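One structure is given here, and the rest of the page talks about it.
Only a predicted model underlies this, so the values are computations on that prediction, with no experimental measurement involved. Note: hydrogens, waters and symmetry copies are ignored here, and every other heavy atom, side chains too, is used. Below, read A as the first sequence line, B as the second, and so on, with proteins coming before strands; counting in each chain starts at 1.
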2 protein chains.
Amino acid sequence: MNGRHSGRPTLEEVALRAGVGRGTVSRVINGSPRVSDRAKAAVEAAIAELGYVPNRAARALAGNRTDAIALVIPEPETRLFAEPYFSDIIRGIGAELADTDMQLLLTLIRTPKERARFAQYLAAHRVDGVLLVSVHEDDPLPDLLEQLEMPAVLNGRRSDLESVSYVDADNVGGARAAVAHLIARGRRQVATITGPPDMYVARSRLDGYRQAVESAAGGLGGFDTALVARGDFTEEGGRRAMRELLVRRPGIDGVFAASDVMAAGARAVLREAGRRVPEDVALVGFEDSAIARHMDPALTSVRQPTEEMGRTMARVLLEEIAERASVRRHVVLATELVQRDSV
Amino acid sequence: MNGRHSGRPTLEEVALRAGVGRGTVSRVINGSPRVSDRAKAAVEAAIAELGYVPNRAARALAGNRTDAIALVIPEPETRLFAEPYFSDIIRGIGAELADTDMQLLLTLIRTPKERARFAQYLAAHRVDGVLLVSVHEDDPLPDLLEQLEMPAVLNGRRSDLESVSYVDADNVGGARAAVAHLIARGRRQVATITGPPDMYVARSRLDGYRQAVESAAGGLGGFDTALVARGDFTEEGGRRAMRELLVRRPGIDGVFAASDVMAAGARAVLREAGRRVPEDVALVGFEDSAIARHMDPALTSVRQPTEEMGRTMARVLLEEIAERASVRRHVVLATELVQRDSV
DNA sequence: ATGAAAGCGCTAACAG
DNA sequence: CTGTTAGCGCTTTCAT
């Protein structure tokens, strides 16, 4: 015998107690409208009396779903945990899921082997949907998900033509706003430190920079490649880029860095070079990590609505799961320029 | 009919293909020794050919288990995410679970309502075990878990008499080592900034301090309450405590802070007061957040083996789940003094 | 060692 | 609207 009748009441016992059939109980539980008020009341009473809680596994088996979604964290990014970004994303997801009985599975993928394993999970339909963060351009997972027709939402996108649903921050707009701010404040030679060009997010921020300088009135001379230096989203990269810029255009009086960490590096170099920040050279960074904010609380930056991104990702995913159709959604959330310096 | 025969091969199909009964396939999958090599080989071949993956829900239903554990994060701590501590804990758990087919559920609990909901989860045996972090002394969850006979492991403990299994850092030893270090370096008036006395971790670190000063040779005068100031694990708390100490014992030449954040606060006050750190006053903090490390990379501190704690928690939990018996395990992991200043 | 059979608790199709 | 009836895919006796 198997039947460790776990002690826990079953749907059948509820039905008995309520004096109805199992089907009716099931309907009540699942909020079907095709139930009389009388029956519904009886069932609800029975449920309360018995302290009945549906068995998830049975439900999943019979209903061919799992009521669970996975949040996938690729390895190089497990460090990501240590950042407010991640904290906020998770908090947002949690908030959105709170009123659902959807479970959140945390899946760390650090090796190709683990990725293969996760692919199996997916194939076995062990989750109803997937949330992906920090997806790289060459990540095979999104395509696999699509092929499997598994609902999925990315945070960020791989390119302009992203086919999978995604929720992203308005990187172009944020960068544009940052640079426009600098220009509006009277800065005439505004440079930018970019991220790796093979990352969409880096290209977007560069686009924003370009739009702002090109549309600026007055004699800024439009887009000047000498004012663009490539960084790699690290502090050291920011340092190198800033040194280059200083050599190429010593008269720089404003810098937009595509990440706050790079901004911190740039600031250090500027000060070493005897430039006052922000008086001589105003600096704005795109706030990814907020670690840099600890380093310099006075750094003006472009803030992302991270928690809202998490919430939105979850909401979009739930919608995608609900409607069986595979409609892709693309959401871009606004960023906000937070001025922390006095210039 | 229900049978959206999902396309996925079932155990039965494997059995057919392998020319054996379903029971045999099940035994092979679960690594039962009571299977002939021949049958085993046949089954494994069939599994590979068909790309069979067991259905988790069916398994859970039949086996009365879930192959999932929950990591519970109480609300006030969701900020915790933003710290390396959390990152490391999760990485450790992930590493330990990687070779298992145990899933990790992330459960955020921010309201009493959500706690009640989670209690239902537990009662409904929706997970095989629970991992709890940052448990407060008055947290009702551990007792509930115990009452439900649900395997559980805490990170840290509520008191000396903790009944639930836990994995903790050696707070007493770490504090003792820190203070002994200070004394060995010639510091004669070593003060301490403590955490809230209703937190076990704070009391432990104070105990370590006391042990070190009491066992110190030479004229340190033993434990002096005037050298103990209460903080609250915040930077501002550290500041206040440091100011008090400076008033009570202006001659202080060493400080052990029960957290690195408080150490950062103390350092700021010391410098304002014209004391050189670490030359005039050497400072050691207990490394909880590492945010402070960013503020002052040169701060000597007591480091905790956080990732190992996560790994250990998971391992202990898996063991507890495996053996049905409810044996409690208490693991205390060593800390390490990392000297980052030159004094 | 292994096949057969009996569920695990629930959902959904079906017939009223 | 509601009771009945088939399974969902697997584990676990129970014989053999």
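Side chains of B/Tyr200 and B/Asp168: no donor on one and acceptor on the other come within 3.5 Å. In summary, the side chains of B/Asn30 and B/Arg59 do present a donor paired with an acceptor at a separation below 3.5 Å, with no hydrogens or angles considered.
When the side-chain hydrogen bond (donor to acceptor under 3.5 Å, both in side chains) test is applied to B/Asp99, no partner is found at least two apart in sequence or on another chain. Shown here are the side-chain hydrogen bond (donor to acceptor under 3.5 Å, both in side chains) partners of B/Asp101, two or more places apart in sequence or in another chain: there are none. Here A/Glu308 pairs with nothing under the side-chain hydrogen bond (donor to acceptor under 3.5 Å, both in side chains) rule; sequence neighbours left out.
Atom CZ of B/Arg8 is separated from atom C1' of D/dG9 by 13 Å (rounded to the nearest Å). One atom, CD1 of B/Ile29, and another, C1' of D/dG9, lie 10 Å apart when rounded to the nearest Å. Remark: P of C/dC8 and CZ of B/Arg65 are 17 Å apart, rounded to the nearest angstrom. Separating the CZ atom of B/Arg59 from the C1' atom of D/dC10 is a distance of 8 Å, rounded to the nearest angstrom. Atom CZ in B/Arg22 sits roughly 13 Å away from atom C1' in D/dT13 (whole-Å rounding). Rounded to a whole Å, the CD atom of B/Glu12 is 10 Å from the P atom of C/dA4. Across the protein-nucleic acid pair, B/Asn64 atom CG and C/dC8 atom P stand 11 Å apart, rounded to whole Å. Taking atom CG on B/Asp67 and atom C1' on D/dT11, their separation rounds to 12 Å, with Å as the unit.
Across residues 32-58 of chain A, A/Arg34, A/Val35, A/Ser36, A/Ala39 each have a non-hydrogen atom less than 4.0 Å from an atom of DNA chain D (numbered order). For DNA chain C, none of the residues of residues 97-104 of chain A falls under the heavy-atom distance limit of 4.0 Å.
In the set D/dG9, D/dG3, C/dC10, D/dG3 carries the atom at the smallest distance from any side-chain atom of A/Arg27.
Note on B/Val20: only backbone sugar-phosphate atoms sit closer than 4.0 angstrom, heavy atoms only; bases stay farther off.
Between atom CG of residue B/Asn155 and atom OH of residue B/Tyr166 there is a gap of 11.5 Å, rounded to the nearest 0.5 Å.
In this model, the phosphate group of C/dT11 is approached by a side-chain N or O of A/Ser26 to a distance below 4.0 Å at OP1 or OP2. Remark: B/Asn30 is in phosphate contact with D/dT11, judged by side-chain N or O atoms under 4.0 Å from OP1 or OP2.
For residues 123-147 of chain B, the set of pairs meeting the salt bridge (charged side-chain N to carboxylate O under 4.0 Å, His left out) definition, not counting sequence neighbours, comprises B/Glu137-B/Arg203, B/Asp143-B/Arg158, B/Glu146-B/Arg328.
Of the candidates B/Asp88, B/Ile89, B/Ile93, B/Ile89 is the only one forming a side chain to side chain contact (heavy atoms under 4.5 Å, CB included) with B/Met309.
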As a quick check of understanding, evaluate salt bridge (Lys or Arg N to Asp or Glu O under 4.0 Å) for A/Arg329 and A/Glu162, giving each step before the final call.
CA-CA 10 Å; A/Arg329 284 154 222 274; A/Glu162 183 58 69; over 6 Å; no

